[in-house]
Colleague: 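Following this message is one structure expressed as structure tokens.
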Amino acid sequence: MFEQQAGTFAVDLFHRTKDGATELAGGALSTANGFFDQIDKGWRQTKDDLENAQYPEWLQRLLAKEESGGTGGSNGGGQGPEEPKKSGAGTAAAGASTAAAFGYSQEDDDNKEAEKIARDEQMMMLTKKMIEIRGLLQTVGQSDSLTLPSIVVIGSQSSGKSSVLEAIVGHEFLPKGHNMVTRRPIELTLVNTPEAHAEYGEFPALGLGKVTDFTQIQKTLTDLNLAVPVSDCVSDDPIQLRIYSPNVPDLSLIDLPGYIQVVGRDQPPELKEKISQLCEKYIRAPNVILAISAADVDLANSTALRASRRMDPRGERTIGVITKMDLVDAERGASLLSDKKYALRLGYVGVVCRVPANAGGSKLFTRGNGNITSAIAKNENAYFSSHPEFSPESHLDVGTKNLKKKLMHVLEQTMASSLKTTSEAIQRELAEATYEYKVQYNERPLSAESYLAESLDAFKHSFRGFTDQFGRQQVRELLKHELDQQVLNLLAQRYWNRPLEDLSVPLPETDPLTSLAKADPEGEDEIWKIKLDSSSASLTKLGVGRLATSVVANALHAHIDRLIANSRFAAHPFARQAITDASTSILKDLSYDIADELEICIKPYKYRIEVEDNEWTKGRENVTSVLKDELKVCEVAVKQLEDQVGGRKKVKDVMSFIDRVRSGQVVLEGDGVGGAGGFSSALLAKGREAVFLRDRVDVLKLRLLAVKSKQCATKKNKYHCPEVFLDAVADKLTTTADLFLDAELLSKFYYIFPRELDARLGRGLSQEEIDRFAKEDPKIKRHLDVVRRKELLEHVLKEMEGLRQLEQREKRVMSRRQGRGGEAREKGGWSLF
Ligand code: GDP
Ligand code: MG
């Protein structure tokens, strides 16, 4: 049976410790130190790589813990490097923390227990390490050969699978119900955390973080299971769940949907077959099969045993668990445990895993979130000790506590013996990854962080380039252009417009622009004075603060967009958004106050405007080119209109018709909406546009002549030259605004923006966000995957090398001890490689 072949390092250490001789114990302890030293060194060696590498959070945390807490669980053994010589009793006392994981009671600390604990401590370190490697391999994913074995739980529905798993964990956390609640495999990894008090679960794939409420875990599992469509009933996509607790042993278990006898009416007919296939996939070698059968069902009818026999015909890697021992009489129960018909090398364990309904009547054990270990242990003890059939002399394996221990021993051994094949598979994968890295990526190192950092640097560099190109001068040009347009609008509104709303005969103009040159604005033609003063007031009261600020802010924003489009970030929607958001929010924050402050700066101009001679000259020059530009715009528009309508002649015809109507030569019946004079209404509308443009061109030509004339050479005649005066005002406003915006908006934005980028795309991002960012670019994703895969595989190999060294050291110690005639066993140590 199992006990005979448990020839592990841990057991040997146990025997040596039992010798009690100082010298030998010292040897054992130094060996133990060597073990821990080695592991410790291993951590340190890889620590630096790890800090930058993309290992899963749970592993990072585990390693961080090892770092701060010495060698973690091993220190529980009181054998830290700084205290090399401690008595067995010391070991026991310090080891009590781990004892919880085995279900040893705290009061029970006689010497024998202490030795057992010391032995189990060592064993746990090894298993822990192998389970870690298993976890690492899970993250490498893909190939089936890249995995270490697990314990797979099978059994028919209601045989007690969930109850057994919950008894091992000490919490009720599995979905309950009659309607096939386990529809997906649950890959459960138990992680012993001897130092910690808290117990919690983690769904690595969901990123929910620590879940300390076990009813919440139950709910999440239920949801994940029920998400499988009823039409499918089962799915082979596993749910991964890790449970961290000082009360669980390091174990890797897989819960599967229960076998069913009869397919329900609302279930697909092939369901039975589907479940069988799913289970079959999981119970292949080297996995250990935990075959659950209820005591009140004949073993010959046990679906679990039948399935296990198919995949493990010689019964070498199956542990039989008989649940519900309390439901049959003790004699029958005992006979099931010593079953010869379905002999299993790893034997049978009988358990009573149901949490007693009144659970000691204590509040401590109320169902739900409390730990149920003690309640189950008490209940089992009460049952098994009251029946002589299960006395220690019977050598029957009973109780959840024993089951836990058995699982740990078996998993340790199975994992140890798989290390060789797994390590070979890893070497093959590593060779492939290394080749790809070399051929495809020329061994160019890359991490998501470095990719992000480089991209960000490049972007900030291009931004700095932009800031050199976009200063006060550029702001000035932008603003002047904007105000020129405003001036044109004002001129059009107040001087040039000849409204052409319909085809009626227009009223005679009261103050035709043609009369301006000869007018006397200070005298009887005061209207021209009023026109200019009100135009200039309109210009200064336009809300220049807000207008100028938003023109510059919009320009900055557009430039940032252009920079993004020309950067690596163009292919990264997430980063693109982050940068756009940064610039939007900074500009918005700055603009609010700046607009008001600028408005205050230009306030004096609202009341009084003095124009110097040189400003007048400059305004005259500038407005000439503005008017010329506007003239060009109109001429282009005329040309476009002619093209649209279908030729200059057609436009001319409709224009002359409209002219005749407006001069009263032709009298329209009605308003001409439905067309008139043989022209369609659409054509008439175009004709009106054309007339408008022609008139605008005439006015512009007229005013260009006026501006160029002698009259407009001096500021004295400002009322005759509103174009020049308004331009000079616009220029003054521009000068104030560009100075202010350069100092307030530009320099502040140039200072804050790169820092905001650092915050949003540098420091502010979690590891996951950085990964997500880098992987948005498929080329980078492929590159990163190769690098990461290679690093992980290298790391795993290093870990395995650590175990191998440990084994060799053990061998040396063994042969030394044999030379001295110590109580050594022939086949000591492990044979992992
Ligand atoms: P599963 O469908 O295989 O996961 O089985 P469950 O763990 O959900 O158990 C099915 C039923 O058997 C539940 O009502 C449990 O309370 C009950 N049960 C489980 N273990 C025991 C036991 O050891 N003794 C008794 N009497 N009932 C048990
Ligand atoms: Mg179940």
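Both ligands and their constituent atoms are indexed starting at 1 by order of listing. For this chain, numbers begin at 1 and follow the sequence in order. What you see below is based on every heavy atom in this structure, not just the backbone, and it leaves out hydrogens, waters and symmetry mates.
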Colleague: Atom 14 (O) of ligand 1: protein heavy atom closer than 4.0 Å?
Modeller: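 Neighbour list for atom 14 (O) of ligand 1 is empty of protein heavy atoms (cut-off 4.0 Å).
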Colleague: Which of the atoms of ligand 1 are close to Cys353, meaning less than 4.0 Å from one of its heavy atoms?
Modeller: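 Close to Cys353: 22 (C), 23 (O).
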Colleague: Test your reading of the structure: does Lys161 have an N or O sitting under 3.5 Å from an N or O of ligand 1?
Modeller: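 Yes: some nitrogen or oxygen of Lys161 is under 3.5 Å from one in ligand 1.
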Colleague: Could you tell me whether Asp326 approaches ligand 1 through its side chain, its backbone, both or neither, with non-hydrogen atoms closer than 4.0 Å?
Modeller: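 Near ligand 1, Asp326 shows its side chain, while the N, CA, C and O stay back.
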Colleague: So that I can tick it off, tell me whether Lys274 and Asp236 are bridged by a salt bridge, with the cut-off set at under 4.0 angstrom between side-chain N and carboxylate O.
Modeller: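 Not counted as a salt bridge, because no side-chain N and carboxylate O are separated by less than 4.0 Å.
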Colleague: For residues Ile154 and Lys161, report the shortest heavy-atom separation together with the two atoms involved.
Modeller: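 Minimum heavy-atom separation between Ile154 and Lys161: C-CD, 3.8 Å.
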Colleague: Is the Mg ion (ligand 2) under 2.8 Å from any N, O or S atom of Ser162?
Modeller: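 True for Ser162.
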Colleague: Would you say that Ile319 contacts Val288 through its side chain, given a criterion of any heavy-atom pair below 4.5 Å between the two side chains?
Modeller: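 SC-SC contact between Ile319 and Val288 confirmed.
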Colleague: How far is atom 4 (O) of ligand 1 from the closest protein heavy atom, and which atom is that?
Modeller: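 Answer for atom 4 (O) of ligand 1: Ser162 OG, 2.8 Å.
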Colleague: Side chain, backbone, both or neither: which part of Ser156 has a heavy atom under 4.0 Å from ligand 1?
Modeller: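 Contact part for Ser156 vs ligand 1: backbone (N, CA, C, O).
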Colleague: Need the ligand 1 atom indices (1-based, order shown) with element for anything under 4.0 Å from a heavy-atom of Val352.
Modeller: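 Taking each heavy atom of Val352 in turn, ligand 1 has 23 (O) under 4.0 Å.
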Colleague: Hey, could you give me the CD/CG distance between Glu199 and Asn247, rounded to the nearest 0.5 Å?
Modeller: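 One gets 4.5 Å once the value is rounded to the nearest 0.5 Å.
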Colleague: Among all protein heavy atoms in this structure, tell me which lies nearest to atom 7 (O) of ligand 1, with the distance rounded to 0.1 Å.
Modeller: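 That would be Ser163 OG, 2.5 Å.
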Colleague: Starting at CD of Gln240, measure out to CZ of Arg184 and round the result to the nearest 0.5 Å.
Modeller: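 That separation rounds to 10.0 Å.
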Colleague: Has ligand 1 got any nitrogen or oxygen that is less than 3.5 angstrom from a nitrogen or oxygen of Gly160?
Modeller: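 Yes, Gly160 has an N/O under 3.5 Å of an N/O on ligand 1.
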Colleague: Of Arg354, Met325, Lys324, Glu380, which has the heavy atom at the shortest distance from atom 11 (C) of ligand 1?
Modeller: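 Checking each option, the heavy atom nearest atom 11 (C) of ligand 1 is found in Lys324.
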Colleague: Evaluate the side chain to side chain contact (heavy atoms under 4.5 Å, CB included) criterion for residues Leu253 and Leu190: first the C-alpha distance (whole Å), next the side-chain angles of each, then the deciding distance (0.1 Å), finally the verdict.
Modeller: CA-CA 8 Å; Leu253 298 158; Leu190 307 186; 4.1 Å; yes
Colleague: Would you say Ser158 and ligand 1 have an N/O pair spaced under 3.5 Å apart?
Modeller: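 In this structure, Ser158 places an N or O atom under 3.5 Å from an N or O of ligand 1.
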Colleague: Roughly how far, to the nearest 0.5 Å, is the CG atom of Leu411 from the CD1 atom of Ile151?
Modeller: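 If I round to the nearest 0.5 Å, the distance is 4.5 Å.
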Colleague: Roughly how far apart are Tyr342 OH and Tyr348 OH, rounded to 0.5 Å?
Modeller: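 Reported to 0.5 Å precision, the distance equals 8.0 Å.
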Colleague: Once you restrict to heavy atoms under 4.0 Å, what part of Leu327 touches ligand 1? Side chain, backbone, both or neither.
Modeller: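 The side chain, only.
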Colleague: Has the side chain of Gln218 got a donor or acceptor atom that lies under 3.5 Å from a matching backbone atom of Leu174?
Modeller: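 At least one qualifying donor-acceptor pair exists.
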Colleague: Does atom 22 (C) of ligand 1 have any protein heavy atom closer than 4.0 Å?
Modeller: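 Within 4.0 Å: yes, protein heavy atom nearby.
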Colleague: Does ligand 1 have any atom sitting under 4.0 Å from a heavy atom of Gly258?
Modeller: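 For ligand 1, residue contact (heavy atoms, under 4.0 Å) with Gly258 is absent.
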Colleague: Below 30° counts as parallel, above 60° as perpendicular, anything between as tilted: where do the rings of Phe173 and Phe214 land?
Modeller: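 The rings of Phe173 and Phe214 stand perpendicular, inter-plane angle above 60°.
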